[in-house]
Amino acid sequence: MAVYIPASTWERARETVRIIRSEEQENFTSYIIEFSVPPTKWTLSRRYKQFAELHEKMTKQFAVNKSLLPPKKLLGNRSEKFILQRQKELEIYLQTLVYMFSQLPEPLALFLELPKYEIRYITAALSEMLFTEGDSIIRNGKPFTFTALQLNAISERLKLGEATCYSNNPKQDLAHLVEFVNKLKHLLIVGSNQPHEACNFRPNGLTYELSMFKSLEILELSNCRCDTKLSSVGHLRPLLKSLTIKKTLDALSEFFLCDTLHWSPTTDVQSWPTWNYVTHADFSDNKLSKIDASIKLLPNVQHLDLSHNFIHKIENLESLSDLSVLILSHNRISQLDSLHTYLGNIHVLNLSSNFIQSLHGLSKLFSVSELILENNRISSMSELKHLSQLPCLEVLNLLNNPVTFTVDYRPQLLLILNSIASEIILDGQKATEKEIDTVSVLQALQLARRETYSKIKPNSEDTRTRILENDMPVNDFPFQSASSLLKQENNSLIGNTNENVQFRHQVESLRKVGGSDWLRLLNEMHCSASKNEDEQVVKDCDKGEGTSSDTTFPSVCSSESYSEKLSPQVCNAITFSNEISYPEWLINHFDSDNEEFKTDLLCKRENDPIDLEHSTQIELLHARVLWVVLVKTTECSRSEIPVCMLVLNTGFMLFQLKKCENREEFPDFQHLRTIFVANVVSIFLGPCSAYIEFEVRSGNGTELLTMLLNQVSANMSVSEVQTLYRFNLLQKYNPFLNSTLNLENIDFDVPKSMISRQFIFGQRVCVSKVLHKCEHDVLHYIFITSSHLLLVEEKLHNPKPAEKLLSKLISTTVKPQFKVCTLISVHTNIKQIHLKDIDCDKDYDSTDVEFYNKEIQSLLYASGCWLILEFEPNTVLCVNFYNCKQRNEFLNAFLGARKQR
């Protein structure tokens, strides 16, 4: 750190200040000055006008000779010879001033920027500022920020043994700064690993101590070094109540034991000094790989935040008996083994954005009242049974787990939670009256199932015992169980009139509950009962809901060619798309939180050597993974390419998915290309956020990259583009804005006045290859209005160069083509409903279609959440949604539209 020593000789003055070069600007010449106070040196830029302003002050206030500064020249002042001469003359001018004054005058010190780098001037500026504002800061309890540089300057200034006032200004007396530091209660220290301004040192390379803070209660450190640069920390142990350290630590011991001599990880923690008064500790956003034993030095901590680290295991917390709030979000935790032995008195536990699959370790955490498990890998409803015995649970968040895409996820979970179902806040909202009614109906079904099983004579006593003791498996509940019950009791229920009426009454109760529940039960009844009885149940369930179909609108296809009920073979045939749909487990498992996956992607960059230990870690910290489909267009053909898109601060990389054999291994990728943000001309967002188009510089012109993506990826990409690249997304022509259909720009033949323009559901879907003639550049959208269900196709339009030139000349854009390919009244009678979720882990028979890779063919073209609706008399709609949640939303919207008659 710089401590200025007066230049007592001319030689010393020449070493202290030099003009090392000149730089030509647009209308003037600037001179680069180097000022050296060993071991510190810095550079600054000044033009002649600033020299003249300094000289005017020096002549008026300090009687400097007016002729010392070389005169101004109006003509020929930009010639190289003149600039070299002027540079030498200005250098001599500065060296003369430095030699003349043992204490640099304030105008000269400001000109040479000493208040940024020299400790006397730094502390003097702080003292003057705190003279006027210090009392207000202390009185209001406001936090005050010191940089590592300022703290180093204070520490070094106190060691100089000089008068407390270095200048003639009493406001700059060091006593004002010392008094403020003694009284300060809330301190924020900000460090930096970057060079300070134009200097040759980094603030985090400076040492400083904290013994001067006598009243400190709250300490915050951000981007500092604790291992060797921070001293006198032990002085704070009897003072601190709150401790926050961010972007600083690789291990907790770096701070807690930074001034403890001869400590070792094997040493008994009881021999280490403790922080008995700290109740709030925040160590988020560091690089902690584990919770080491030094956490035990906070025996009375109540609130502990360890989020945004790299922690794999919860450990060393058993001695923190007062701990009630623990935040471990955005880590790498996968196992929760017997947490009650570590967290005996925990009230709030945040484990969001980890790799958790099993909840068994939470089953005895009886004190927890708020449990946050958002963005994990919980996929089975059976895992949620472990939460049913937590008596104090009031808030539960499971958003963005695979299990939340399960059909009827909320009613199933509320049934599991049973006694607290009406009070608990689940995923941000309490159970609605409708959901509570649904749970009541499901409980009735459960009770009916128990009674039915009690009548069944099992093949063995063991079987009967297993049925009665285990009750109903959660994975099968509710309607899989109902279907199973129907199959087992079909003959007795239908044969007995009273039981048949009771059963139909139960189905009618389900229908009144709403949602997709009654539709799915209806489907299972079709599959389990005989044809005659099945038609009767459909008639009973749909009474008052639909009317006989007199529609003359175009339909997807006729079902006359199929059997009365679609067989599994027929379902397999029509639920095969030539549009790519990523399975949920793939995009959930290999996402932005999977650091190993992102590292694996970066390693596949071609002709781009990288340093995984340094630069790549910075890239990975902010990198985002998006699963998209690249529409590749040539003069002869168009194709869809499955792509993983890695979004970085400098641009994005595209990796083609080549192979994906199972869920445990990384998929095989090939690096397609890297696109830097500087080469992006514009970005367009398609209708319903179905795709994004990037206009990118290529050669002497531009090319258009079309990326198809789901709604979640679209929202994420929009946010990333606006945050990282500062781009304003342009909206492509969209006839579906603001939940309104612009029918004038959609092609179909029926009278437009018959169709309601307001839609209550709209989303891009994939369609069946069997039922549609699909091209790779045609997208499909499904909409529900209060009157009709519409399937709309969009022809992606990539204008040729001549068309693009014409559109620019006349200031217009070429509109994409929209056409209605299916239009069905929402009140048309439902004949049959099929739900099919394809398991991509199993072999899928698709020998009739040849794609470039069998694994990719099975994984992407035969996956998804399919919905098949058969309407009377012979109309079939077959669409594929990205996930079960979207399909459920569609069914709920469809049912709501049918009820509004």
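Residue indices begin at 1 and follow the sequence shown. Here the structure is a predicted model, which means the values were calculated and not measured. The basis for the numbers below is simple: all heavy atoms, side chains too, and nothing from hydrogens, waters or symmetry mates.
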For a quick check under 3.5 Å, do Q302 and T279 share a side-chain donor-acceptor pair by atom type? no
Sidechain-backbone polar pair: N309 side chain, N331 backbone, donor-acceptor under 3.5 Å: no
Out of curiosity, I314 CD1 to L349 CG, how far, rounded to the nearest 0.5 Å? 6.5 Å
Please step through salt bridge (Lys or Arg N to Asp or Glu O under 4.0 Å) for the pair E423 and K430, ending with a clear verdict. CA-CA 7 Å; E423 299 298 327; K430 278 193 172 185; 3.6 Å; yes
Partner of H186 by side-chain hydrogen bond (donor to acceptor under 3.5 Å, both in side chains), out of K142, E220, E217: E220
Could you check whether any side-chain N or O of D305 sits under 3.5 Å from a backbone N or O of S307, counting only pairs where one atom can act as donor and the other as acceptor? yes
Please check this pair: side chain of T248 against backbone of K246, looking for a donor-acceptor N/O pair closer than 3.5 Å. yes
Flag if over 12 foreign heavy atoms under 6.0 Å of CD, E433: no
More than 12 heavy atoms of other residues, nucleotides or ligands under 6.0 Å from CD of E318: yes or no? yes
Distance-only, no hydrogens or angles: does the N354 side chain make a donor-acceptor pair with backbone N or O of I333 under 3.5 Å? yes
Check: Q429 and R410 side chains under 4.5 Å, non-hydrogen atoms: yes
Per the ring-ring contact (aromatic ring centres under 6.0 Å, His included) rule, what does the pair list look like for residues 311-348, sequence neighbours excluded? H308-H330
Enumerate the ring-ring contact (aromatic ring centres under 6.0 Å, His included) contacts for residues 385-428, please, sequence neighbours excluded, ordered by first and then second residue. H360-H386
Any side-chain to backbone donor/acceptor pair from N350 onto L328? Under 3.5 Å, distance only. no
Measuring from S215:OG to L184:CG, what's the distance to the nearest 0.5 Å? 8.5 Å
Mind checking the CG-CG spacing from L236 to L210? Nearest 0.5 Å is all I need. 5.5 Å
Before we go on, tell me: are the rings of F355 and F310 under 6.0 Å apart, centre to centre? no
Value for CE (M381) from CG (L384), rounded to nearest 0.5 Å, stands at 5.0 Å
Could you tell me whether the side chain of N400 reaches within less than 4.5 Å of the side chain of N376, counting heavy atoms only? no
